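Numbering starts at 1 and runs along the sequence shown. Please read all numbers here as calculations on a predicted model, not as lab measurements. Just follow the structure's listing: the first ligand is 1, and inside any ligand the first atom is 1.
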Amino acid sequence: MEQLVIQETDYDAISSKIACINKKYLPDPQIFSVYPNYELLYNSYFNELPKVTRRSYNKIKKLMSSNNYPIMNIGTYLRTVSIDHVLSLYLLPNSDNAEKNNHFQIINLGCGTDLRYFQYNHIYEERLERYIDVDFPMAIETKGRVLSNLNKKNPSLFDLNDNGGSTDGKYQLMSFNLNRNTDELIKQLELVGCDFSLKTIIITECCLCYIEDAKSIELISKLNSVFNAKTNNLHWVSYDPIGGTDKFGQIMTDNLLFQRNLKLPTLLTYNTKEKYSKRFSSIINSDISIKIEDMWEIFQTKIPLKEKTRVQKCEFLDELEELKIILSHYVILYF
Ligand SMILES: C[S@@+](CC[C@H](N)C(=O)[O-])C[C@H]1O[C@@H](n2cnc3c(N)ncnc32)[C@H](O)[C@@H]1O
C-alpha cells in the first residue's frame, strides 16, 4: 500500500509535465531546437497509457485539471529545464572542450514516466553508452508496455524491443525497490550492463524525498563507493523539495500525510540548502565541489531574460510573492 502511494506520486509528475506542454511552457526552445520530437513523445505516451492502464490514465487526467495553475506550471517548467541545463551545460557540454569525446551513462533512480532517454539519446547519440531507468516493478512494467506499444506504431521514433528497452541494449528499464539491499542494487545494475568504470550521471528527481534517511544515506554511500572505486567520474543531479525554516515544510508534511497518507521522511531533516548539500558532502570526496540552487534562484539568475519573458506570457500570474515562497522550497543539487 505504502509503495503504491509513493509510486502514484509519478501521476503528479507526468500530469504536470503534460499540462506544461499543453500550455507551451515546455519544451523550452533550446531543447526544442535540438530535439524536435519532445511534444510528440510525451503526448504519444499519455495517449497510449489508457490502453495499458485506464485506472492510471484516469487519475492522471483528473490531476491535470486540478493541479494545473500558473505557479505549479512554472515550478514544473523550472524543475525540467534546470535538470536539462545542468546536464547540457555543466555535465555533458557538446562544445569544444576536453570532455567532448567522453562517453557516459545515465542512471535515473525513481524515473517514473520520465522520457529523457529519448531526448538525450537524440542529442548525445554517439557518447551515450547506456541509460538505465529504475523504479518499482509495477511502474517499470507499465512503462515498458506503453513504450513497446508505441514502438510498434512509430518504430523510427522509439527503436525499442518488446520489453520497452532499446534494441541495441543501450536503454534499459530496471525494476528495483530502492529500499532493498544496496548490494542487490549493484548486482542488478551490473546485469543490465552498467559499466562502473564509465563516467556516470545519476539523476534523482523527486525520489530521495520518499526514502527513509538511513536508507538514502546507504544508497548514496554505496553508489559513491562503487563508482568512485574505479574512477573519480561519478556525477549526480538531485531535485527535491526542502522543508525550509518557515512553516512550509510542516504544512506540506501534514497535508500529504492527511490527504494521501504520503510520507516525506527527510523533508524537515534536510530543510535548508546547506543541510541538503551535507547529505552528499558528508559522503563524497571533499575535493568535489557540490552546487545547489533553489528554483527561485534559478528563475532569477539562470533563465535568460528572453526565455523568462516567453514563460511569463504562457499564463497570467500575479502571485509573485507566493511563487517566490514555493520556488525557494525546491532545490537542484549537482556535482
Ligand atoms: C514524484 S515521482 C518522480 C518521477 C520522475 N523522477 C520525475 O520527476 O518525473 C517519484 C518516483 O520515484 C519512485 N520511487 C520512490 N521511491 C522508490 C523506491 N524506493 N524504489 C523505486 N522507485 C521509487 C516512484 O515510484 C515514482 O515513480
Side-chain angles (χ1 to χ4, degrees), residues 1-21 26-27 38 41-42 45-46 49 53 56 59-60 63-64 67 72-73 75-84 86-87 106-120 131-144 146 172-182 184-186 188-189 192 201-220 222-223 236-241 252 256 260-267 295 330-333:
M1 179 63 192
E2 194 185 342
Q3 186 169 315
L4 187 63
V5 171
I6 295 175
Q7 196 180 300
E8 290 191 350
T9 60
D10 181 49
Y11 297 171
D12 297 284
I14 178 80
S15 62
S16 311
K17 208 175 250 181
I18 303 274
C20 268
I21 291 171
L26 289 174
Y38 191 93
L41 180 67
Y42 279 95
Y45 189 99
F46 184 58
L49 190 62
T53 157
S56 305
K59 286 199 165 191
I60 294 167
L63 282 172
M64 270 171 72
N67 282 354
M72 189 142 182
N73 289 335
T76 303
Y77 160 83
L78 287 169
R79 158 184 178 169
T80 308
V81 302
S82 60
I83 295 176
D84 285 337
V86 161
L87 270 129
I106 294 182
I107 303 173
N108 190 350
L109 299 177
C111 60
T113 36
D114 182 89
L115 301 174
R116 279 194 174 86
Y117 160 71
F118 300 97
Q119 177 185 334
Y120 291 163
Y131 193 111
I132 307 172
D133 265 344
V134 183
D135 210 298
F136 288 124
M138 264 171 65
I140 289 295
E141 200 211 322
T142 301
K143 190 170 185 174
V146 175
Q172 296 284 338
L173 288 166
M174 180 178 136
S175 299
F176 193 83
N177 179 348
L178 296 164
N179 290 316
R180 284 176 62 198
N181 183 301
T182 46
E184 195 52 40
L185 170 68
I186 302 304
Q188 296 282 328
L189 284 172
V192 295
I201 296 148
I202 295 177
I203 302 177
T204 43
E205 181 181 5
C206 271
C207 173
L208 292 179
C209 60
Y210 300 113
I211 297 177
E212 292 292 340
D213 194 16
K215 197 72 215 175
S216 73
I217 292 174
E218 194 187 320
L219 191 66
I220 299 168
K222 185 71 184 185
L223 289 166
W236 202 305
V237 183
S238 194
Y239 172 95
D240 264 322
M252 189 171 177
L256 286 175
R260 299 167 69 164
N261 200 19
L262 179 63
K263 290 189 200 117
L264 294 180
T266 56
L267 187 80
M295 289 301 113
Y330 288 85
V331 294
I332 183 164
L333 169 146

Rounded to the nearest 0.5 Å, what's the gap from CG on L208 to CG on L109? Could you check? 8.0 Å

Between the CG atom in N261 and the CD1 atom in I6, the distance rounded to the nearest 0.5 Å is 10.0 Å

Does [X] approach ligand 1 within less than 4.0 angstrom via side chain, backbone, both or neither, non-hydrogen atoms only?
{"X": "A139", "value": "neither"}
{"X": "R79", "value": "side chain"}
{"X": "F176", "value": "backbone"}

Over all atoms of both residues, closest heavy-atom pair of R116 and R79: NH2-O, 4.5 Å

Considering all heavy atoms, the nearest V237-I332 contact: CG1-CD1, 3.9 Å

Quick one: list whatever passes salt bridge (charged side-chain N to carboxylate O under 4.0 Å, His left out) with E218, sequence neighbours left out. K215

For ligand 1, which atoms have a heavy atom of [X] less than 4.0 angstrom away?
{"X": "N179", "result": "19 (N)"}
{"X": "N177", "result": "18 (C), 19 (N), 20 (N)"}
{"X": "D10", "result": "2 (S), 4 (C), 27 (O)"}
{"X": "E205", "result": "3 (C), 5 (C), 6 (N), 7 (C), 8 (O)"}
{"X": "L178", "result": "18 (C), 19 (N), 20 (N), 21 (C)"}
{"X": "I6", "result": "15 (C), 16 (N), 24 (C)"}

Check for me whether the distance between the ring centres of Y42 and F46 falls short of 6.0 Å. no

Candidate pair N179 and E212, rule side chain to side chain contact (heavy atoms under 4.5 Å, CB included), full reasoning: CA-CA 8 Å; N179 290 316; E212 292 292 340; 5.6 Å; no

Evaluate the ring planes of Y120 and Y131, with Trp represented by its six-membered ring, and classify them as parallel (under 30°), tilted (30 to 60°) or perpendicular (over 60°). tilted

Distance to 0.1 Å, residue and atom name: give those for the protein heavy atom nearest to [atom].
{"atom": "atom 9 (O) of ligand 1", "result": "A13 CB, 3.5 Å"}
{"atom": "atom 11 (C) of ligand 1", "result": "G110 O, 3.5 Å"}
{"atom": "atom 27 (O) of ligand 1", "result": "D135 OD2, 2.7 Å"}
{"atom": "atom 17 (C) of ligand 1", "result": "F136 CZ, 3.3 Å"}

Who's closest to atom 1 (C) of ligand 1 heavy-atom-wise, of T9, I211, D12, T76? T9

Pick whichever of C206, P137, S216 has a heavy atom sitting closest to atom 10 (C) of ligand 1. C206

Check for me whether C111 has a heavy atom closer than 4.0 Å to any atom of ligand 1. yes

Hey, are K143 and D135 close enough for a salt bridge, meaning a charged N less than 4.0 Å from a carboxylate O? no

Stepwise, does the side chain to side chain contact (heavy atoms under 4.5 Å, CB included) test hold for E141 with S175? CA-CA 8 Å; E141 200 211 322; S175 299; over 6 Å; no

